[in-house]
Amino acid sequence: MGRMTSTPGSTPASNLDPAVAARLKRGPDGLVPAIAQQYDTGEVLMLGWMDDEALHRTLTTGRCTYWSRSRQEYWVKGDTSGHIQRVKSVALDCDADTVLVKVDQTGAACHTGARTCFDKDVLPLTAPQ
């Protein structure tokens, strides 16, 4: 499975189920945000990006595949780091413009080595509670 250099929208036709593809609301770049969440604790781990092919690979391999906007290539989470995301379920939100992937995360989800991308920069909440 490895990486395949490409650009969203310029790859050969995706193998994504046409019924699912027809429902997706993609951004101008052909991507949808994909939230990875630890399946058993509900911990939000990271946000990545998927095009149709990345979603197809995620659904059919059981491993999260994302589109790297910085490297302009597909990447399977954990292939390099060993911090694998094993897919437990995949859902679209009510507008079909965001994907929620519930995973069993091995090791860190964040590229910084942290368990989650959302634990270091907590903003102060000043609204009354």
Side-chain angles (χ1 to χ4, degrees):
M1 167 83 7
R3 292 185 180 136
M4 179 177 107
T5 302
S6 190
T7 333
S10 73
T11 58
S14 172
N15 291 314
L16 183 63
D17 179 340
V20 174
R23 294 180 57 207
L24 282 179
K25 293 181 187 164
R26 301 159 200 79
D29 55 6
L31 301 173
V32 294
I35 301 165
Q37 179 182 35
Q38 179 63 34
Y39 83 100
D40 54 354
T41 66
E43 180 182 28
V44 177
L45 300 169
M46 61 172 278
L47 171 77
W49 297 93
M50 292 184 180
D51 66 359
D52 289 22
E53 183 60 19
L55 180 55
H56 167 72
R57 293 178 189 191
T58 297
L59 291 167
T60 59
T61 67
R63 298 266 313 276
C64 279
T65 301
Y66 299 100
W67 175 258
S68 171
R69 296 180 303 168
S70 60
R71 294 189 309 262
Q72 293 290 293
E73 64 184 6
Y74 293 105
W75 59 282
V76 178
K77 180 68 175 165
D79 270 2
T80 305
S81 66
H83 299 162
I84 296 167
Q85 291 177 342
R86 288 185 177 82
V87 177
K88 297 293 187 175
S89 68
V90 180
L92 296 177
D93 75 339
C94 58
D95 296 321
D97 63 0
T98 304
V99 176
L100 175 63
V101 186
K102 292 190 179 182
V103 302
D104 190 9
Q105 175 72 48
T106 299
C110 186
H111 72 280
T112 65
R115 170 78 179 160
T116 172
C117 295
F118 298 100
D119 66 346
K120 299 289 185 216
D121 198 11
V122 178
L123 304 176
L125 181 61
T126 59
Q129 297 193 25

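Positions are given from 1, in the same order as the sequence printed here.
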Flag yes if more than 12 heavy atoms outside Arg63 fall under 6.0 Å of its CZ atom; otherwise flag no.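 Yes, CZ of Arg63 has more than 12 neighbouring heavy atoms, counting only those of other groups under 6.0 Å.
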Using only atom types and a distance under 3.5 Å, with no angle test, would you say the side chain of [X] pairs donor to acceptor with the backbone of [Y]?
X      : Y      : value
Thr65  : Val76  : no
Arg115 : Gly107 : yes
Thr98  : Pro33  : no
Arg26  : Leu24  : yes
Asp52  : Leu16  : no
Gln37  : Gly42  : yes

Qualifying residues under side-chain contact (heavy atoms from CB on, under 4.5 Å), relative to Thr41, sequence neighbours excluded: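 Expected list: Gln38, Glu43.
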Any side-chain heavy atom of Lys88 sitting closer than 4.5 Å to one from Asp40?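 No. Closest side-chain heavy atoms not under 4.5 Å.
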Heavy-atom distance under 4.5 Å between the side chains of Val101 and Met50, does that happen here? yes
For the [atom1] atom of [X] and the [atom2] atom of [Y], what is their distance to the nearest 0.5 Å?
X      : Y     : atom1 : atom2 : value
Gln105 : Lys77 : CD    : NZ    : 6.0 Å
Asn15  : Glu53 : CG    : CD    : 5.5 Å
Trp49  : Asp29 : CH2   : CG    : 7.0 Å

Which atom pair, heavy atoms only, marks the closest approach of [X] to [Y]?
X      : Y      : value
Ala114 : Ala108 : O-CB, 3.1 Å
Ala36  : Tyr66  : CB-OH, 3.6 Å
Lys102 : Tyr39  : CB-CB, 4.0 Å
Val90  : Leu55  : CG1-CD1, 4.0 Å
Phe118 : Leu47  : CE1-N, 4.4 Å

